[in-house]
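Note that the structure is predicted; figures quoted are calculated from it, not measured. Protein chains get the first letters and strands the later ones, always in sequence-line order, with residue 1 at the start of each. What you see below is based on every heavy atom in this structure, not just the backbone, and it leaves out hydrogens, waters and symmetry mates.
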Amino acid sequence: MSRYNVKECEPKWQRAWDEAGCFSAAEDPSKPKYYVLEMFPYPSGRIHMGHVRNYTIGDVIARYKRAQGFNVLHPMGWDAFGLPAENAAMEKKVHPAKWTYENIAVMREQLKTMGLSIDWAREFATCSPDYYRHQQRMFLDFLEAGLVYRKESWVNWDPVDQTVLANEQVIDGRGWRSNALVEKRRLAQWFFKITAVSDDLLAALEGLERWPEKVRVMQEKWIGRSRGARIDFKLSGGHDPLEVFTTRPDTLFGASFCALSPHHPLAAKLAADNPELADFIAECDRLGTSEEAIETAEKKGFDTGLKAYNPFQPDIELPVYVANFVLMDYGTGAIFGSAGHDQRDLDFARKYDLAVIPVVLPPDADADSFTIEDEAYLGPGTIFNSDFLDGLEVPAAIDGAIARLEQDGSGREEINFRLRDWGVSRQRYWGCPIPVIHCDTCGTVPVPAEQLPVELPDDITLDQPGNPLAHHPSWKYVACPKCGKPAERDTDTMDTFVDSSWYFARFCSPQAETPLERGAVDYWLPVDQYIGGIEHAVLHLLYSRFFTRAMSRCGYMALDEPFDGLFTQGMIGHQTYQGPDGAWLSPAEVQRVDGERFETLDGQPVSTGRVEKMSKSKKNTIDPAAIIETYGADTARWFMLSDSPPDRDMAWTDSGVEGAYHFVQRLWRQVLDAADHLPAPGSTRPEAFGPADALRRLTHKTIAAYTNDLEQFRFNRGVARIHELSNALSGFKAADEAGRWAQREAVESLVRLMAPMMPHLAEELWSRLGHEALLVDQPWPKADPVLLIDDSVTVAVQVGGKLRSTIEVPRDSEDETLREAALAEPAVQRAIADKALRKVIVVKNRIVNIVVS
RNA sequence: GCGGGCGUGGCGGAAUUGGUAGACGCAAGGGACUUAAAAUCCCUUGGGCUUGUCCCGUGCGGGUUCGAGUCCCGCCGCCCGCACCA
């Protein structure tokens with residue numbers, strides 16, 4: 001028996017598709033478009049299993065939509081700027097550009113072996129001046145539109161990577177790449193004004209119906225809108241009033257102190273002639289922002305001696321503290337403490353022996369006896385101890401308090417966001433240069449359009465810490481474009497998340513002389529289906545949403561949301577192995593004998609750990625290139641789609657891959673066996689089908705259900721249906737011409753349906769079935785509705801809710817017929833025995849339940 | 001602590017959205033073919049026993065219903081995200 005020759009067939013069909021130009025996309029207003037995009041890869045060196053899963057899912061969708069008649073755009077590119085290139089440059093003494101482009105070359109070839117339906121003519125790398133010059137152009141447009149600005153601010157400084165990080169890039173107080181404890185520094189930085197659209201970014205989340213709920217919730221939390229009031233507290237000692245922000249103005253009558261952030265300007269002012277306070281502030285800074293520090297930090301305060309006066313109770317003196325738990329970058333950097341109804345305020349009040357005045361009475365509590373002990377009361381209730389607010393429910397009291405503050409002129413309603421503007425300056429070489437020039441006379445001057453791109457110099461030295469662009473002997477020295485006097489370029493480069501915030505739009509017209517071509521983006525955008533990892537739920541996906549709005553404001557497009565549908569795939573894990581000494585072992589170093597695992601080299605017993613995300617440190621990675629080399633791309637793709645739902649984490653197993661490979665070979669044999677005696681393609685179908693009807697029904701049911709599975713990303717269910725049809729075919733023997741026709745229909749449908757998942761095998765089988773034209777150009781099969789409905793159905797018969805029998809009856813039999821047939825079953829009679837019939841529930845085509853007493 | 005998700009055989013997972021629990025696959029066991037192995041094909045496979053179309057069974061305890069993996073209430077466990085946001 002012949003075997004399917006993967007090594008011959010896969011390259012053969014890849015060439016055939018390529019030569020026929022199957023996947024090159026062009027605008028065609030007469031056809032509905034469909035833009036499928038997977039998150040583009042960082043060129044780290046080799047593709048990994050996460051890529052294989054990501055691009056397999058995307059390719060299934062792209063090929064399926066194409067077969068359905070959509071004009072599909074499915075491009076690929078490289079997120080090519082970033083730190084690893086600089087690190088590699090330092091370690092291996094190779095230029096970041098060389099390292100990056102060599103990696104791209106390797107990964108491009110690896111991706112091509114997967115047989116993806118990609119329009120490679122649109123490929124680009126973000127590190128190319130042909131890409132980043134347009135990014136510089138847009139940066140300047142944003143600057144002009146007021147969406148970019150420069151300011152000095154406290155920033156997150158990563159001492160290992162020697163660069164600034166955006167808030168989004170600080171995870172648990174550590175740099176997202178280096179994992180180093182982040183420090184606070186004050187630097188002049190460029191910012192994208194993402195807060196200008198906070199409200200819209202939040203409100204529009206609701207319209208993203210084809211996004212995972214989880215991602216929308218994460219973005220909602222990140223944007224963090226809260227409604228409250230900004231209130232002026234008069235201060236003693238002739239100071240300006242203290243502004244505080246609160247979401248609970250209803251608790252103002254419970255105020256017992258005020259507290260400032262250690263970074264608050266007033267704190268600094270007071271510290272100037274109060275050394276003890278200065279010491280306290282310094283101590284707060286030392287504690288830092290690390291997770292441990294925050295977790296264990298006790299609430300601490302320093303009494304400034306100042307007094308504050310609540311606008312509703314101007315006669316009561318409130319002490320003013322500087323407190324370590326008050327954040328400078330939220331609200332106004334100052335709070336009032338309402339100890340009864342905020343846990344932090346309560347902890348603080350107990351520690352410094354301040355008043356605790358409850359002002360919200362829980363629904364069933366008694367005003368005379370209600371007290372606060374160790375837990376603040378945060379729930380709903382009625383206001384008391386609060387003058388004009390007494391008797392109001394909390395929401396009404398909030399409104400009432402705000403109204404009174406506005407009336408008095410001592411405060412106003414305010415909406416606050418957690419979201420901060422996006423700091424994009426990075427003190428690194430391998431990124432897009434920020435196209436501005438600093439002139440002593442003219443200040444910050446944009447680089448004139450005709451001087452773009454500001455290109456990175458090639459001759460750099462990476463062996464000293466800090467920014468190579470700043471060290472470069474000549475690069476930064478230029479004449480001011482305005483006055484002509486000597487000036488300096490900005491030596492920072494943009495955060496690489498800027499590069500990935502608009503690449504999806506650039507794919508629409510990758511060769512355009514302008515950043516984007518209006519006709520192309522209007523036709524292709526938004527991306528209809530975006531696919532990638534959940535790890536970008538906030539960062540990349542939020543930045544892209546901002547960028548799309550910013551690009552629209554600057555006239556590049558007329559669109560708010562870049563990604564109509566989003567699918568986040570799960571991670572790929574593998575079992576972990578450890579030797580007797582606890583050292584991690586790679587799967588290749590482990591052998592299985594009689595169900596036990598041993599080290600291949602020395603036969604030492606191996607302990608098997610849980611399935612964990614593939615990582616170099618645990619040595620549980622599998623190189624996809626090796627898998628494709630051995631089994632072929634179709635096997636790898638099929639296994640990726642087989643068992644686990646695509647949004648869930650999955651485990652890579654040898655036996656799973658082998659199972660997929662066996663199925664590839666089985667399909668090959670099955671279709672070839674059948675091909676020999678099937679009627680030729682194009683001959684006429686006999687009138688009567690008779691005995692072959694069951695196969696025809698299954699074929700059409702499979703088409704309908706499988707199509708539905710693909711629409712819903714239920715690939716594992718689809719795979720099972722292919723198995724089912726294949727199983728039915730292997731038990732099928734054609735008795736006559738009609739049978740052979742049904743068989744041909746089943747086989748060809750099987751091949752057409754599996755094509756998005758296993759494109760090479762399907763194409764080969766299609767040609768072996770006698771077809772001249774490429775399968776990839778064949779339309780998606782349509783299910784015949786008549787064949788989806790069975791003539792007879794199996795109805796379950798229960799007695800008292802327990803299954804006792806099943807009956808085979810004509811479809812849509814009358815209730816009475818079902819009832820009688822059910823009662824006639826011997827097993828049913830036995831179950832009823834001498835009990836009285838109470839009632840019989842009949843659900844047409846489904847079930848009969850006989851209730852006895 | 002807050003928010004979200006999940007809990008079904010040895011394993012990955014199905015279950016028409018309240019109607020025959022365990023589709024499909026993996027693993028395991030048995031058999032056929034073969035001098036043998038590989039490959040392939042066939043059969044068995046949730047647990048139990050009294051082998052009956054019997055009993056039990058979808059994390060645990062209750063409830064609603066003719067009927068619950070699915071809905072409601074209360075627990076337990078795991079995973080993910082956020083975390084001094086006033």
Tell me: [atom1] of [X] to [atom2] of [N], nearest whole Å?
X: A:Ile847; N: B:G19; atom1: CD1; atom2: C1'; answer: 4 Å
X: A:Asn849; N: B:G18; atom1: CG; atom2: P; answer: 17 Å
X: A:Leu346; N: B:C84; atom1: CG; atom2: P; answer: 19 Å
X: A:Gln829; N: B:U53; atom1: CD; atom2: C1'; answer: 16 Å

*Base of B:U17 relative to its sugar, syn (within 90° of 0) or anti?*
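Base orientation: syn.
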*Distance-only donor-acceptor test, A:Lys299 side-chain atoms vs B:C84 base atoms, 3.5 Å*: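 Looking at the base of B:C84, it does pair with a donor or acceptor on the side chain of A:Lys299 (distance under 3.5 Å).
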*Would you indicate whether the side-chain heavy atoms of A:Arg819 and A:Glu814 approach each other to under 4.5 Å?*
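Not touching, per the 4.5 Å side-chain cut-off.
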*Taking the side chain as every heavy atom from C-beta outward, state whether A:Leu405 and A:Arg412 have any atom pair closer than 4.5 Å.*
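Side-chain contact under 4.5 Å: no.
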_Taking the minimum atom-to-atom distance to the side chain of A:Gln798, which one of B:G67, B:G13, B:C80 wins?_
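Comparing B:G67, B:G13, B:C80 against the side chain of A:Gln798, the answer is B:G67.
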_Looking only at the side chain of A:Glu724 (C-beta and beyond, no hydrogens), which of the listed nucleotides B:A23, B:A14, B:C84 gets closest?_
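Within the option list, the nearest is B:A23.
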_So if I apply the ring pair (Phe, Tyr, Trp, His ring centres under 6.0 Å) rule between A:Phe257 and each of A:Phe348, A:Phe302, A:Phe336, which one comes out positive?_
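Per the ring pair (Phe, Tyr, Trp, His ring centres under 6.0 Å) rule, the option paired with A:Phe257 is A:Phe348, out of A:Phe348, A:Phe302, A:Phe336.
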[X] side chain N/O closer than 4.0 Å to the phosphate oxygens (OP1, OP2) of [N]?
X: A:Lys802; N: B:C56; result: yes
X: A:Arg648; N: B:G5; result: no
X: A:Asn727; N: B:G25; result: yes
X: A:Arg418; N: B:A83; result: yes
X: A:Ser642; N: B:C26; result: no
X: A:Asn716; N: B:A14; result: yes
X: A:Arg669; N: B:A39; result: no

*So A:Phe567 and A:Phe713, would you call those rings parallel, tilted or perpendicular, with 30° and 60° as cut-offs?*
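Rings of A:Phe567 and A:Phe713: parallel, as their planes differ by under 30°.
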*Mind telling me whether A:His723 and A:Trp638 have parallel, tilted or perpendicular rings, with 30° and 60° as the class edges?*
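Tilted.
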_Rounded distance in Å between the P positions of B:G52 and B:U45_ =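 Each nucleotide's P atom is 15 Å from the other's.
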_With a 3.5 Å limit on both atom pairs, tell me what B:C2 is paired to, counting Watson-Crick and G-U wobble, or say none._
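Base partner found: B:G81.
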*asked:* Please compare A:Val326 and A:Arg804 by the position of their nearest nucleotide in RNA chain B and report the one closer to 5'.
replied: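 Looking at RNA chain B, the more 5' nearest nucleotide goes with A:Arg804.
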